[in-house]
Amino acid sequence: KEKVAITKEQDALVKLIVEAYNKHQIPQDVTKKLLQEQYSTEENFLLLTEIATSQVQVLVEFTKNIPGFLSLDHEDQIALLKGSAVEAMFLRSAQVFSRKMPKGHTVVLEERIRKSGISEEFITPLFNFYKSVGELHMMLEEQALLTAITILTPDRPYVKDQQAVERLQEPMVELLKKLCVLQHPQEPQYFARLLGRLTELRTLNHYHAEMLTSWRVNDHKFTPLLCEIWDVQ
Ligand SMILES: Cc1cccc(C)c1Nc1c(-c2c(F)cccc2F)nc2cccc(C)n12
């Protein structure tokens, strides 16, 4: 059985991706508000809107630090960001939800999500996804690479030069595969399970679009950044 080893270049790549992934977190004042604000539906929705807005900012910063991303065609950069924003945010919020947050915050955040006027038909798949990501106990390198791989999906709508995106995504997929073999030797199907999460993520795009529409119908206000990334209003 050939020995799987990370090359020097691959080690440099994973360090760059992890550094970018760690660089930006949700601002403290936003998470502090989670515990302080009272529990009205309006207040909860406003808080989630604030968190979503800062998550989009975090996503844009992370994406700009993915090696090679800024050398892509500028319109393709926008197409990749808009096409992957929901999936990347689900992935990041799943990790924040299952790992990063102190226990107390997670309970409060769950409570506020459940009481923010979102329909049950979205809440269930959302928490199922959070649970399925939590059960993987992903390591930081795996989370960061999986998020970069999601962003660098070549077949997003309006991407013109799909090959250029593939050339960036492929080495990341190879690297993640090697990391999974090295870091989870007792679980040969671990890499396949990670990719399975990406398939589950794509189904959540549909729910998210429905949610946006239902919020707009109920005249909920979004921030300019959320309007721009999801073409609402
Ligand atoms: C921050 C948060 C956490 C869990 C559930 C939800 C509904 C949110 N908030 C939003 C999300 C969103 C996200 F930010 C991460 C994951 C899944 C998401 F639905 N998308 C949007 C889009 C417009 C307005 C909001 C309030 N919003």
Side-chain angles (χ1 to χ4, degrees), residues 21 24-63 81-134 136 138 143-144 146-147 150-151 197-233:
Y21 194 72
H24 308 281
Q25 306 299 335
I26 306 278
Q28 284 306 327
D29 64 310
V30 176
T31 47
K32 215 166 57 258
K33 276 191 194 166
L34 266 183
L35 298 176
Q36 275 150 11
E37 303 294 329
Q38 14 92 6
Y39 267 75
S40 73
T41 311
E42 293 69 36
E43 198 52 56
N44 289 342
F45 184 78
L46 275 177
L47 257 178
L48 291 180
T49 304
E50 220 176 311
I51 295 175
T53 304
S54 75
Q55 279 197 340
V56 172
Q57 287 158 343
V58 163
L59 168 67
V60 172
E61 284 315 304
F62 171 64
T63 306
L81 256 177
K82 290 170 76 128
S84 67
V86 173
E87 294 174 26
M89 283 168 58
F90 267 99
L91 211 43
R92 175 161 315 244
S93 64
Q95 270 122 32
V96 165
F97 197 82
S98 55
R99 299 285 296 278
K100 284 282 187 53
M101 262 185 194
K103 203 78 204 103
H105 284 63
T106 312
V107 168
V108 165
L109 179 57
E110 171 155 0
E111 209 38 47
R112 290 186 184 278
I113 294 169
R114 292 186 184 282
K115 292 197 174 57
S116 57
I118 302 170
S119 67
E120 200 47 45
E121 56 142 343
F122 178 75
I123 296 285
T124 311
L126 174 77
F127 285 111
N128 288 346
F129 179 73
Y130 282 177
K131 201 160 121 297
S132 67
V133 167
L136 284 169
M138 287 166 70
Q143 291 177 28
L146 199 63
T147 306
T150 306
I151 295 162
R197 294 290 68 84
L198 295 189
T199 311
E200 187 180 354
L201 262 179
R202 288 200 170 217
T203 64
L204 292 168
N205 273 308
H206 152 78
Y207 285 111
H208 190 269
E210 300 269 301
M211 204 178 62
L212 280 177
T213 312
S214 77
W215 280 332
R216 281 191 54 215
V217 162
N218 306 332
D219 201 24
H220 276 93
K221 286 279 157 285
F222 298 132
T223 58
L225 184 57
L226 294 182
C227 293
E228 197 175 331
I229 199 111
W230 288 313
D231 296 325
V232 282
Q233 257 134 345

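Counting starts at 1 for both ligands and their atoms, in listed order.
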| query | Would you call R92 a ligand 1 contact, heavy-atom distance under 4.0 Å? | reply | no
| Stacked cation flag R92 on Y21, 6.0 angstrom / 45 deg | yes
| Would R114 count as a cation-pi partner of F127, with NZ or CZ less than 6.0 Å from the six-membered ring centre and within 45° of the ring normal? | yes
| message | My understanding is that we take every heavy atom of each candidate and find the minimum distance to atom 6 (C) of ligand 1. Doing that for L47, V56, T53, L48, which one comes out nearest? | response | L48
| message | Can you check which of W230, Y130, F122 brings a heavy atom nearest to atom 3 (C) of ligand 1? | response |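 Of the listed residues, Y130 has the closest heavy atom.
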If you count the atoms of ligand 1 from 1 in the order shown, which ones are under 4.0 Å from a heavy atom of [X]?
{"X": "I118", "value": "7 (C)"}
{"X": "S93", "value": "15 (C), 16 (C)"}
{"X": "T49", "value": "26 (C)"}
{"X": "Q55", "value": "13 (C), 14 (F), 15 (C)"}
{"X": "I51", "value": "1 (C)"}
{"X": "I113", "value": "4 (C)"}

Distance to 0.1 Å, residue and atom name: give those for the protein heavy atom nearest to [atom].
{"atom": "atom 14 (F) of ligand 1", "value": "M89 CE, 3.0 Å"}
{"atom": "atom 25 (C) of ligand 1", "value": "W215 CZ3, 3.5 Å"}
{"atom": "atom 10 (C) of ligand 1", "value": "A52 CB, 3.7 Å"}
{"atom": "atom 5 (C) of ligand 1", "value": "L126 CD2, 3.9 Å"}

| Taking side chain as C-beta onward, heavy atoms only, is L81 less than 4.5 Å from L59? |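 A side-chain contact under 4.5 Å exists here.
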| Mind checking whether V133 and Q143 have side chains closer than 4.5 Å, heavy atoms only? | no
| task | Return yes or no for this condition: an N or O of H208 is under 3.5 Å from an N or O of ligand 1. | result |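 Such a contact does occur with ligand 1.
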| query | Is the backbone N or O of E120 less than 3.5 Å from a side-chain atom of T124, with the two atoms forming a donor-acceptor pair by type? | reply |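 Here the side-chain-to-backbone pair exists.
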| query | Do you know which two heavy atoms are closest between Y39 and R112, and how far apart they sit? | reply | CE1-NH2, 3.9 Å
| query | Does the gap between the ring centers of W215 and F45 come in under 6.0 Å? | reply |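 Close enough - the centres of the two rings lie under 6.0 Å apart.
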| task | Look at the aromatic rings of H208 and W230 and report parallel, tilted or perpendicular, splitting at 30° and 60°. | result | tilted
| If you measure only the distance, is there a donor-acceptor pair under 3.5 Å linking the side chains of S132 and E200? | yes
